Amino acid sequence: MTGAVPEHPSGLVVQQSFPRPRPTTNPYLVMLRDAVGAVPGVEVRTFSWKGALLGRYDVFHVHWPEILVSGRSPLKALVRQALTVALVAKLAATRTPIVRTEHNLELPSGISRRERVLLRWIERRTTLWVRLNDETPEHPDALGALIPHGHYVDWFSRWPWPARETGRVSYFGFIRRYKGVDGLVRAFRGVRGDDRRLHAAGKPSTPELAQGLEQLAADDPRVSLDLRFLDDEALIETVRRAELVVLPYREMHNSGGVLTALSLGRPVLVPANEVNARLADEVGPAWVRQYEDELASDDVERALEAASRLTDDARPDLSARDWDRAGEAHVAAYRRAIDAVGGRASGSGRGTRS
């Protein structure tokens with residue numbers, strides 16, 4: 001396509017892949033929008049199909065692309081898939097780069113062959129990948145940028161923070177098979193002490209999963225469940241009242257849940273891997289404790305004992321995850337992606353696409 005494109009008054013226009021935030025929107029996305037939009041000369045647009053297909057912008061930033069190609073019914077999914085084809089074709093025709101934040105290493109399970117093909121197509125069209133930690137493999141055929149996941153301290157500061165309760169263990173977040181909440185309940189049943197309690201809160205992905213957890217919890221009066229979506233106030237209550245947060249994910253690479261607990265000043269017990277080891281080095285080993293293989297009762301007991309030595313007002317070091325820094329780093333990554341496809345010179349103003 002040839003010819004000059006009229007200059008955007010804002011200098012750099014970023015089209016995000018998530019819609020206007022709602023109460024259930026991941027706070028990471030809201031804080032990213034605000035941090036990028038706070039950089040002078042940058043405009044951030046949230047997603048609508050009309051805006052993405054008909055609007056003019058410099059870069060398309062996608063987070064979980066499976067959301068673009070899925071639907072609650074086969075017909076809705078088919079319509080979205082057709083719109084995705086039109087969108088990716090438009091981005092190619094206008095030489096608009098795709099920037100992708102790699103929240104997960106693998107494609108979602110249980111998706112259709114058509115969805116898989118479309119997601120692989122988006123991957124091939126991606127100009128720059130944003131990695132959230134050093135352990136995410138780089139893509140040799142594309143640009144990359146390492147931008148650590150920002151903290152949630154400011155996000156949660158608008159609500160009161162309750163004090164901890166001695167001996168209380170919490171799990172919070174959506175409950176899915178791979179998150180291992182059933183294993184946590186089983187492990188906790190072997191923890192010694194009538195003064196120890198487990199509270200697991202979050203919405204299960206299936207009724208069968210909810211029923212299974214209720215059956216497990218029924219055998220131990222120290223275990224309580226709150227099987228519903230948690231708003232921010234309920235989440236803060238769940239995390240802050242705990243002495244220890246346990247997130248026993250069977251697969252853990254980038255976890256906003258860990259950073260949520262740390263942002264609220266609570267230590268976590270998580271599976272041992274390189275990502276969590278690096279995080280422990282970053283924020284302090286007292287804040288990130290790890291266990292090997294399957295979670296066991298003595299893992300929980302040892303982590304509770306260590307957590308009891310932290311004062312209620314202690315905080316981990318999250319200075320490397322400041323959102324001002326993250327916003328500027330994202331804008332720099334966008335400009336690199338634009339340069340790579342020849343969209344315009346890095347810096348300010350919009351030039352000619354050819």
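Residue numbers run from 1 in the order of the sequence given. None of these values were measured; they are calculated from a predicted model.
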At their closest point, which heavy atom of [X] faces which heavy atom of [Y], and how far apart are they?
X    : Y    : value
A145 : R336 : CB-NH1, 4.1 Å
P162 : I236 : CD-CG2, 4.0 Å
P271 : P248 : CG-C, 4.4 Å
S170 : A242 : OG-CB, 3.4 Å
A261 : V268 : CB-CG1, 3.4 Å
G202 : I175 : O-CD1, 3.5 Å

If only atom types and distance count, is the side chain of [X] paired as donor or acceptor with the main-chain N or O of [Y] below 3.5 Å?
X    : Y    : answer
E243 : G167 : yes
N133 : T136 : yes
D299 : A296 : yes
S297 : A187 : yes
K90  : A52  : yes
W161 : F156 : yes
R22  : R20  : no

Selection [range] - residue pairs positive for salt bridge (charged side-chain N to carboxylate O under 4.0 Å, His left out), sequence neighbours left out:
range            : answer
residues 210-222 : R189-D219, D220-R222
residues 64-80   : none
residues 279-290 : E282-R321

Please report the interatomic distance [atom1]([X]) to [atom2]([Y]), rounded to the nearest 0.5 Å.
X    : Y    : atom1 : atom2 : result
L128 : R335 : CG    : CZ    : 14.0 Å
L29  : T46  : CG    : OG1   : 11.0 Å
T101 : H330 : OG1   : NE2   : 4.5 Å
L91  : R125 : CG    : CZ    : 6.0 Å
L83  : K50  : CG    : NZ    : 14.0 Å
R164 : D313 : CZ    : CG    : 9.0 Å

### Message
Under the ring-ring contact (aromatic ring centres under 6.0 Å, His included) definition, can you give me all pairs with a residue in residues 82-101, not counting sequence neighbours?
### Response
none
### Task
Mind jotting down which residue pairs meet the ring-ring contact (aromatic ring centres under 6.0 Å, His included) criterion with at least one end in residues 83-117? Sequence neighbours excluded, please.
Y28-H103, H63-H103, W64-H103
When you compare the side chain of [Y] with that of [X], does any pair of heavy atoms fall below 4.5 Å?
X    : Y    : result
V185 : L198 : yes
R56  : V13  : no
R177 : S205 : no
R114 : Q81  : yes
I111 : S70  : no
V88  : L118 : no
Y57  : V14  : no
L143 : W129 : no

### Task
Report the residue from E102, E123, R131 that forms a side chain to side chain donor-acceptor pair (under 3.5 Å) with H139.
E102
### Query
Between F47 and W49, how do the two ring planes meet: parallel, tilted or perpendicular, split at 30° and 60°?
perpendicular
### Query
What class does the angle between the rings of F174 and F229 fall in, given that below 30° is parallel, 30 to 60° is tilted and above 60° is perpendicular?
tilted
Going hydrophobic residue to hydrophobic residue with side-chain gaps under 4.5 angstrom, can you get from [X] over to [Y]?
X    : Y    : answer
V117 : L78  : no
V275 : I147 : no
L262 : W159 : yes
L105 : L146 : no

### Message
One pair to check against salt bridge (Lys or Arg N to Asp or Glu O under 4.0 Å): R266 and D312. What are the steps and the verdict?
### Response
CA-CA 9 Å; R266 291 296 178 255; D312 193 48; 2.7 Å; yes
#### Entry: Intermediate values then yes/no, side-chain contact (heavy atoms from CB on, under 4.5 Å), T238 and D226
CA-CA 10 Å; T238 299; D226 183 3; 5.6 Å; no
### Message
Is there a salt bridge (Lys or Arg N to Asp or Glu O under 4.0 Å) between R186 and D182? Walk through the geometry before answering.
### Response
CA-CA 6 Å; R186 290 189 185 95; D182 53 345; 3.5 Å; yes
### Task
In sequence, state the C-alpha distance, the side-chain angles, and the governing distance for L269 and L295, and then conclude on side-chain contact (heavy atoms from CB on, under 4.5 Å).
CA-CA 10 Å; L269 175 61; L295 179 67; 3.8 Å; yes
Are there more than 12 heavy atoms of other residues, nucleotides or ligands under 6.0 Å from atom [atom1] of [X]?
X    : atom1 : result
K203 : NZ    : no
D195 : CG    : yes
Q211 : CD    : no

### Task
Begin with the C-alpha distance, continue with both residues' side-chain angles, and end with the deciding distance and a verdict on side-chain contact (heavy atoms from CB on, under 4.5 Å) for M252 and V258.
CA-CA 10 Å; M252 178 174 281; V258 174; 4.1 Å; yes
#### Entry: Positive for side chain to side chain contact (heavy atoms under 4.5 Å, CB included) with W323, one of D34, D154, L32
L32
### Query
Run the side-chain contact (heavy atoms from CB on, under 4.5 Å) check on Y334 and V36 step by step: do they pass?
CA-CA 10 Å; Y334 298 148; V36 171; 3.9 Å; yes
### Message
Does the structure place the NZ or CZ of R176 under 6.0 Å from the centre of the six-membered ring of Y178, at an angle of no more than 45° from the ring's axis?
### Response
no
### Task
Report yes or no: is the cationic atom of R158 (NZ for Lys, CZ for Arg) closer than 6.0 Å to the six-membered ring centre of W155, at no more than 45° off its axis?
yes
### Task
Please identify each residue that fulfils salt bridge (Lys or Arg N to Asp or Glu O under 4.0 Å) with D298, with sequence neighbours left out.
R302
### Query
Passes side chain to side chain donor-acceptor pair (under 3.5 Å), S224 versus H199? Steps please.
CA-CA 5 Å; S224 59; H199 183 67; 2.7 Å; yes
